[in-house]
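Data block below; observations after.
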There are 2 protein chains.
Amino acid sequence: MPAPSPAPEPASGAAVGKSRRRAGRPMARVLDQAGITTAALQLISAKGYNGLTMAALAKTLGVAPSALYNHVASKDDVLLLLEDHLAAMVDVSAFGVEPWAAAVRQWAWSYRDVFSAHTPLIPVIAVLPVANAPKTLAMYEAVTAGFREAGFPEEKIISAIVALEAFVFGAAYDVTAPEDIFDAGNLAEQVPNFTAAVDRLAAERHPRPTDVAFSLGLEALIAGFSAMTEYGLRG
Amino acid sequence: MPAPSPAPEPASGAAVGKSRRRAGRPMARVLDQAGITTAALQLISAKGYNGLTMAALAKTLGVAPSALYNHVASKDDVLLLLEDHLAAMVDVSAFGVEPWAAAVRQWAWSYRDVFSAHTPLIPVIAVLPVANAPKTLAMYEAVTAGFREAGFPEEKIISAIVALEAFVFGAAYDVTAPEDIFDAGNLAEQVPNFTAAVDRLAAERHPRPTDVAFSLGLEALIAGFSAMTEYGLRG
DNA sequence: ACCAATAAATGAATGCCATTCATTTATACC
DNA sequence: GGTATAAATGAATGGCATTCATTTATTGGT
């Protein structure tokens with residue numbers, strides 16, 4: 001006799017236009033955390049974070065809003081699921097392969113790029129214990145291992161990662177800022193040095209000024225960390 | 001004949017327990033932006049940002065919620081008022097007095113300290129044009145002037161400030177994180193390098209680990225920026 | 001000195017939103 | 001086979017920012 005067929009895979013996609021489900025537990029499970037995560041990502045890319053409401057999420061999944069609460073404790077819990085999903089998309093592959101500086105560079109750019117489209121998660125991430133976010137933990141493990149292999153001073157590894165992460169999060173916000181954020185408007189005359197500096201940068205016609213600032217800061221951090229390490233880093 | 005007494009100063013404090021105001025424009029103006037800002041700060045320090053609602057703000061000021069909208073366009077507008085108020089508390093006094101590195105150090109620490117108690121403002125600040133925030137502009141002007149006087153390469157000044165600010169904002173979040181944020185819990189065995197690094201840092205028994213990370217990153221940025229400047233900085 | 005426009009308050013309503021609860025139905029385990 | 005549990009519905013609930021009609025006082029123009 002063949003083994004019993006595995007439990008039917010939970011629907012991870014949107015509801016097809018079926019007839020209305022009647023009350024009571026359905027024969028096939030409709031929701032699970034992976035499906036909720038996927039639907040949330042869809043919704044965000046379609047309508048932005050303002051469109052991410054529990055009601056909209058439920059609708060996408062073809063379910064009543066209250067059904068979500070059988071699988072997540074709160075909306076913040078949904079944000080945590082998103083965060084962990086995104087953490088897995090951050091590129092840590094260079095650690096242990098490329099030299100330390102190159103690996104940090106690749107990680108930080110990737111980290112910023114992933115989260116710049118998801119800045120509303122940052123206040124949640126930055127404060128939430130990592131224990132419930134296994135993919136996030138995996139990212140930290142890879143980065144930590146890379147620092148250690150490179151001979152980075154043990155007692156400074158976490159502090160350095162925290163500092164880099166702070167920079168990455170702040171820079172992620174900067175990506176979303178409007179181009180004219182530094183336009184002083186009618187107050188321009190009162191801040192001549194600032195206005196001049198803004199104009200000076202604008203004159204360079206960089207396609208993405210935010211990338212220039214990120215590169216500048218990141219290279220400074222990398223150089224600064226390297227210099228702090230007395231005998232330099234291996235790798 | 002004496003000049004007519006100046007317009008009665010708008011109440012900037014909370015409402016005293018007076019009898020209920022009747023509908024219609026009162027003889028003495030009750031609200032203004034300064035009073036709203038002050039009341040918002042009070043409210044935040046008493047109840048935190050969760051307690052900062054338009055209704056609660058109105059109550060503090062002894063006013064109906066809708067009255068607020070004669071003075072601010074939205075709640076985000078209130079947050080902008082707060083931001084500008086706080087920007088004036090950031091210490092830029094060292095620019096043009098102390099050497100460049102010391103001035104940056106003092107500015108960045110002060111900036112972080114001021115906003116670490118107000119992280120909910122960060123998503124708003126980071127994205128809002130500076131034109132409506134005169135005190136914020138004044139801060140930028142002082143910082144820019146300091147960089148210029150120190151001989152910092154003109155075309156890099158804004159990028160460097162943006163990078164420092166990104167770091168400061170990210171670090172402000174870090175200040176608010178719980179102590180056990182890096183506790184991997186029951187997943188600890190699966191992330192040995194990370195766990196070891198966390199333990200290694202904990203073994204140092206720093207009173208404020210967040211300050212260690214901030215200092216590390218800030219000194220790296222300062223050193224990195226200095227090194228990038230071919231002939232060093234003046235001052 | 002009057003009158004119209006405007007400023008600044010009240011109070012009632014609106015619509016959205018996260019969350020909870022009672023209820024219903026199916027499944028899993030002892 | 002029966003009971004606890006899981007997972008859905010649908011109907012509240014309370015909080016929230018914001019809007020609108022209305023009322024009253026002040027200001028600026030002629």
Side-chain angles (χ1 to χ4, degrees), chain A residues 4-12 15 18-36 39-40 43-44 47-81 120 124, chain B residues 4-12 15 18-36 39-40 43 47-82 120 124:
Chain A
S5 61
E9 16 178 16
S12 287
K18 285 287 176 126
S19 59
R20 194 155 260 77
R21 204 183 352 263
R22 76 177 189 283
R25 175 175 177 160
M27 299 187 184
R29 154 198 285 239
V30 177
L31 292 178
D32 67 350
Q33 293 195 332
I36 291 173
L43 198 52
I44 288 159
K47 317 245 181 182
Y49 271 87
N50 280 351
L52 179 63
T53 68
M54 296 302 272
L57 191 50
K59 192 172 200 179
T60 302
L61 290 160
V63 137
S66 54
L68 293 169
Y69 291 86
N70 288 321
H71 301 269
V72 295
S74 64
K75 184 176 178 180
D76 265 16
D77 212 5
V78 175
L79 298 184
L80 181 58
L81 289 176
V124 181
Chain B
S5 61
E9 15 178 16
S12 285
K18 285 285 174 127
S19 58
R20 194 156 260 76
R21 204 184 351 264
R22 74 178 189 286
R25 177 175 177 160
M27 298 188 186
R29 158 197 280 240
V30 179
L31 294 178
D32 68 351
Q33 292 195 332
I36 292 173
L43 198 52
K47 317 247 182 179
Y49 271 87
N50 280 352
L52 179 63
T53 69
M54 295 302 271
L57 191 50
K59 193 171 199 176
T60 302
L61 290 159
V63 165
S66 54
L68 294 169
Y69 290 87
N70 289 320
H71 302 268
V72 297
S74 64
K75 183 175 179 179
D76 265 16
D77 213 6
V78 175
L79 299 184
L80 181 58
L81 290 176
L82 285 170
V124 181

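By convention in this document, chain letters (A, B, ...) are assigned in the order of the sequence lines, proteins followed by strands, and residues within each chain are numbered from 1. We use all heavy atoms of the structure for the numbers below, so side chains are in, but hydrogens, waters and symmetry mates are not. The model shown is predicted, which means the values in this text are computed figures rather than measured ones.
Between the CG atom of A:Leu61 and the P atom of D:dA7 there is a distance of 15 Å, rounded to whole Å. The distance from atom CG of A:Leu57 to atom P of C:dC17 is 12 Å, rounded to the nearest whole Å. Rounded to a whole Å, the CE atom of B:Met54 is 16 Å from the C1' atom of C:dT14. In this structure, CD1 of B:Ile36 is placed 11 Å from P of C:dA8, rounded to the nearest angstrom. Between the CZ atom of A:Arg29 and the C1' atom of C:dT25 there is a distance of 16 Å, given to the nearest Å. If you measure from atom NZ of A:Lys59 to atom P of C:dC17, you get 11 Å, rounded to the nearest angstrom.
Between A:Gly51 and A:Ala56, the shortest heavy-atom contact is O-CB, 3.5 Å. Closest of all the heavy-atom pairs between B:Leu82 and B:Ala40 is CD2-CB, 3.9 Å. For the pair B:Asp32 and B:Arg29, the tightest heavy-atom approach, listed with the atom from each and the gap, is CB-NH1, 3.8 Å. Across every non-hydrogen atom of A:Ala55 and A:Pro65, the tightest pair is CA-CG, 4.2 Å.
Here the side chain of B:Arg21 pairs no donor or acceptor atom with the backbone of B:Ala64 at under 3.5 angstrom.
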Give each protein N/O atom lying under 3.5 Å from an N/O atom of nucleotides 11-15 of chain D, with the pair distance.
none

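Taken to the nearest 0.5 Å, the CD1 atom of B:Ile36 stands 11.5 Å off from the OG1 atom of B:Thr60. To the nearest 0.5 Å, atoms NZ (B:Lys59) and CG (B:Leu43) are separated by 11.0 Å.
Within residues 67-79 of chain A, the residues that have a heavy atom under 4.0 Å from DNA chain D are, in order of number, A:Ala67, A:Asn70, A:His71.
Candidate nucleotides C:dA9, C:dA18, C:dT10 were compared by shortest atom distance to the side chain of B:Ala64, and C:dT10 ranks first.
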Result block: side-chain N/O donor-acceptor pairs under 3.5 angstrom for residues 68-78 of chain B, not counting sequence neighbours:
| residue | atom | partner | partner atom | Å |
| --- | --- | --- | --- | --- |
| B:Ser74 | OG | B:Asp76 | N | 3.4 |
| B:Ser74 | OG | B:Asp77 | N | 3.3 |
| B:Lys75 | NZ | B:Leu52 | O | 2.7 |
| B:Asp77 | OD2 | B:Ala73 | N | 2.9 |

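The phosphate of C:dA9 (OP1 or OP2) has no side-chain N or O of B:Arg21 nearer than 4.0 angstrom.
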